[in-house]
Amino acid sequence: MTNLFQAPKGVPEYFPPDSAAFLAVRDALAKPACNAGYGYIELPTFEDTNLFVRGVGESTDVVSKEMYTFDDRGGRSISLRPEGTAGVMRAVIEHGLDRGQLPVKLWYAGPFFRAERPQQGRYRQFHQVGVEAVGIDDPALDAEVISLADEAYRSLGLTGYTLMLTSLGCAVCRPPYREMLQTFLGRLSLDEETSRRAALNPLRVLDDKRPEVQEQLAEAPLQVDHLCSECRQHYDAVRTHLAALGVRWQEAPRLVRGLDYYTRTTFEFQHPGLGSQSGIGGGGRYDGLMAQLGGQDLGGIGFGLGTDRTYLACRAEGLSVGRPERCDVFLVPLGDAAKTRIVALGGLLRVAGVRTDIAYGDRGLKGAMKAADRSGARYAVIVGDRDLESGVAQLKRLNTGEQSEVLLTGLVDVLKERLA
RNA sequence: GUGGGUGUAGCUCAGCUGGUAGAGCACCGGGUUGUGGUCCCGGGUGUCGCGGGUUCAAGCCCCGUCACUCACCCCA
């Protein structure tokens, strides 16, 4: 019970049989993007700390107190990536991916890290599948990105989620709105910490969960009511395209996201089945980010979908996703000579595309047959020294129990045929 | 960082007003020296998180500590 080692705090682990569902979720989240012209990008899990400071924003919680930061042996400050977009933008700029035809469409998957207090659905290492579409600010592209996420969730069978959608404005209309909100918040009676937040990041106050705060916010000005005409047009077009795509959403004028770079279209998919963590995926447009990181002034839009949280949402809905790996055939040797022959046979079968497992160790025929049964294989092949003398194997169909003798030399072909 | 809850077998958990640890599942062996799933028989696989205290006696009471967990905060 008292183990010498345990997994680091807040890190989820997946092992059979449940790991099959995790893999299936990850694949399902990526598939719509793969089918829409997005190419895979593999990136480092750690980057120059400054990339996140400049990209995500110094004042965000993610950067100011949730990054795993350390100095490498050359004295450079390194951070485990807390999100994916900044790294993708860095790679796009560094490798000139934005010098060709636009948009650049990329997808990625992998682990991310935030040093938060863990709780249900919130981990220190979590997985995301993300996409980024860079270089074109066509609202139809915004709609595509959102619909890819929606399609991914739907393909898993999820029905209990809601798409929350809003526009956060741009460099033209956000600053005046922000000032307006700040003035409004300044007249309220808020506790010290909330007041500090109102000064630093007023938008963040809007989604305060406490009823006494929400009451005071009833009359708060909203960004969607104060968009410039370009942002207004863009947002209207996004909604038109989304409707055409058959995506359903809910207007969420108080939607707040934790990263500074979001502009215009912003969205979050929420699901009620994961305790107090409701977001299973989210994203938005980030029109100033690339320039901020030293690249061309190109906009982009993307999302990050939480693999762990989507997995939890599937469980909450009672969906069975994915199947554990199974073999077709289970080989059972009896005796040393038979063992040698079986091992060789196993190799031949696998090369021939037949999923094959073997009874290892020496647990006797009974134990081996038990293992064959548990493996879920459709056929067991038993070869004893007695069979070897006459060049045959016993081929047993496990679900019916019927057994026949087959020539060893023709076994691979017989099995391929029966399994076809 | 701040609260609450929980730590007993591989897993899920029971264990009364303190009396020296149990169930189901899983696992292993046998019934069947060449045949699984069902059935029958057998096996407990444990530093009761850790350390201290009270007591004739602590899984149970007290103190401390660690871990896990849920929530606040924040977010995928």
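The basis for the numbers below is simple: all heavy atoms, side chains too, and nothing from hydrogens, waters or symmetry mates. Proteins come first, then strands; the chains are lettered A, B, ... in the order of their sequence lines, and each starts at number 1.
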Just name whichever nucleotide pairs with B:G3, Watson-Crick or G-U, keeping both distances under 3.5 Å, else none.
B:C70
Whole-Å distance separating the CD atom of A:Glu83 from the P atom of B:C74
19 Å
Would you mind checking if A:Asp27 and A:Lys31 are paired as a salt bridge, meaning a charged N to carboxylate O distance below 4.0 Å?
no
Looking at the base of B:G37, is there any donor atom on it, or on the side chain of A:Asn399, that sits under 3.5 Å from an acceptor on the other one?
no
Within the modelled atom types, does a donor on one side and an acceptor on the other bring the side chain of A:Asp373 and the base of B:G37 under 3.5 Å apart?
no
Rounded C1' spacing from B:G34 to B:G15 in Å:
47 Å
Is A:Ser278 close enough to B:C75 that one of its side-chain N or O atoms is under 4.0 Å from OP1 or OP2 there?
no
Mind calculating the distance between CG (A:Leu398) and P (B:U38) to the nearest angstrom?
14 Å
Tell me what A:Gly275 touches on the nucleic acid: a base, only sugar-phosphate, or nothing, going by heavy atoms under 4.0 Å.
sugar-phosphate
Does A:Tyr123 form a side-chain hydrogen bond (donor to acceptor under 3.5 Å, both in side chains) with A:Gln277? I'd like the steps, not just the answer.
CA-CA 11 Å; A:Tyr123 305 116; A:Gln277 308 304 316; over 6 Å; no
Looking only at atom C1', what distance separates B:A21 and B:G46, rounded to whole Å?
9 Å
Is there a donor and acceptor pair, one atom on the side chain of A:Arg122 and one on the base of B:C74, closer than 3.5 Å?
yes
Give a yes or no on this: more than 12 heavy atoms of other residues, nucleotides or ligands lie within 6.0 Å of atom NZ of A:Lys339.
yes
For B:C27, take OP1 and OP2 only and decide whether either is under 4.0 Å from a side-chain N or O of A:Arg374.
yes
Minimum-distance nucleotide (side-chain atoms of A:Met369 versus B:G36, B:C72, B:G34):
B:G36
Relative to the ring of A:Tyr153, is the ring of A:Tyr161 parallel (under 30°), tilted (30 to 60°) or perpendicular (over 60°)?
tilted
Identify whether any heavy atom of A:Ile280 sits under 4.0 Å from a base atom; if not, whether one sits that close to sugar-phosphate; answer base, sugar-phosphate or nothing.
sugar-phosphate
Gap between atoms CG and P, on A:Leu274 and B:A76 respectively (whole Å):
13 Å
Could you give the distance separating B:U35 and B:G44 at their P atoms, to the nearest angstrom?
28 Å
Side chain A:Gln120 and base B:U69 donor-acceptor under 3.5 Å
no
Have A:Thr265 and A:Ser167 got a donor and an acceptor in their side chains that come within less than 3.5 Å?
no
Rounded distance in Å - NZ (A:Lys9) to P (B:A67):
6 Å
Does any part of the side chain of A:Arg81, heavy atoms only, come nearer than 4.5 Å to the side chain of A:Pro111, both counted from C-beta?
yes
Whole-Å distance separating the CE atom of A:Met67 from the P atom of B:A76
15 Å
Would you say A:Gln277 places a side-chain N or O within less than 4.0 Å of OP1 or OP2 belonging to B:C74?
no
With the threshold set at 4.0 Å, does a side-chain nitrogen-carboxylate oxygen contact exist between A:Arg285 and A:Asp142?
yes
Going by number, which of residues 34-62 of chain A have a non-hydrogen atom under 4.0 Å from RNA chain B?
A:Asp61
Indicate, with a heavy-atom threshold strictly under 4.0 Å, whether A:Asp308 touches base, sugar-phosphate, or nothing.
nothing
Expressed in whole Å, how much space separates the P atoms belonging to B:U8 and B:C50?
10 Å
Can you tell me how far P in B:U2 sits from the matching atom in B:C11, rounded to whole Å?
31 Å
Check every atom of B:A76, B:G34, B:U32 against the side chain of A:Lys366 and return the nucleotide holding the closest atom.
B:U32
Starting the side chain at C-beta, find the nucleotide from B:C68, B:A71, B:C74 nearest to A:Arg204.
B:C74
Is it true that the side chains of A:Glu58 and A:Ser64 contain a donor and an acceptor less than 3.5 Å apart?
no
Find the distance A:Glu116:CD to B:U2:P and express it as a whole number of Å.
17 Å
Determine yes or no for a side-chain-to-main-chain donor-acceptor pair under 3.5 angstrom, with A:Asp387 supplying the side chain and A:Gly384 the backbone.
yes
Would you measure the distance from the P atom in B:G64 across to the matching atom in B:G4 and give it in whole Å?
13 Å
Quick test of your reading of the model: are A:Arg355 and A:Asp328 salt-bridged, counting only N-O distances below 4.0 Å?
yes
Of all the choices, B:A67, B:U35, B:C73, which nucleotide is nearest to the side chain of A:Gln6 once you look at every atom?
B:A67
For the side chain of A:Lys370, starting at C-beta, report the closest nucleotide among B:A76, B:G36, B:U35.
B:G36
How would you label the contact of A:Gly121 with the nucleic acid (heavy atoms, under 4.0 Å): base, sugar-phosphate, or nothing?
base
Distance check, C1' atoms only: B:U65 and B:C25, in whole angstrom units.
34 Å
Checking base pairs now: Watson-Crick or wobble, both atom distances under 3.5 Å. What partners B:A76?
none
Would you say A:Arg363 reaches B:C28's phosphate, i.e. side-chain N/O to OP1/OP2 under 4.0 Å?
yes
Touch check for A:Glu66, heavy atoms < 4.0 angstrom, all strands: base, sugar-phosphate only, or nothing?
sugar-phosphate
Verify the neighbour count for atom CZ of A:Arg315: are there more than 12 heavy atoms of other residues, nucleotides or ligands below 6.0 Å?
no
Separation between the P atoms of B:C61 and B:G18, rounded to whole Å:
9 Å
Protein-nucleotide distance (A:Lys65, atom NZ; B:G1, atom C1'), rounded to Å
8 Å
Is there a donor N/O on one and an acceptor N/O on the other, under 3.5 Å, for the side chain of A:Lys396 and the base of B:U35?
yes
Polar side-chain contact A:Arg257-B:C74 base: donor and acceptor under 3.5 Å
no
Can you tell me how far C1' of B:C70 sits from OH of A:Tyr123, to the nearest Å?
12 Å
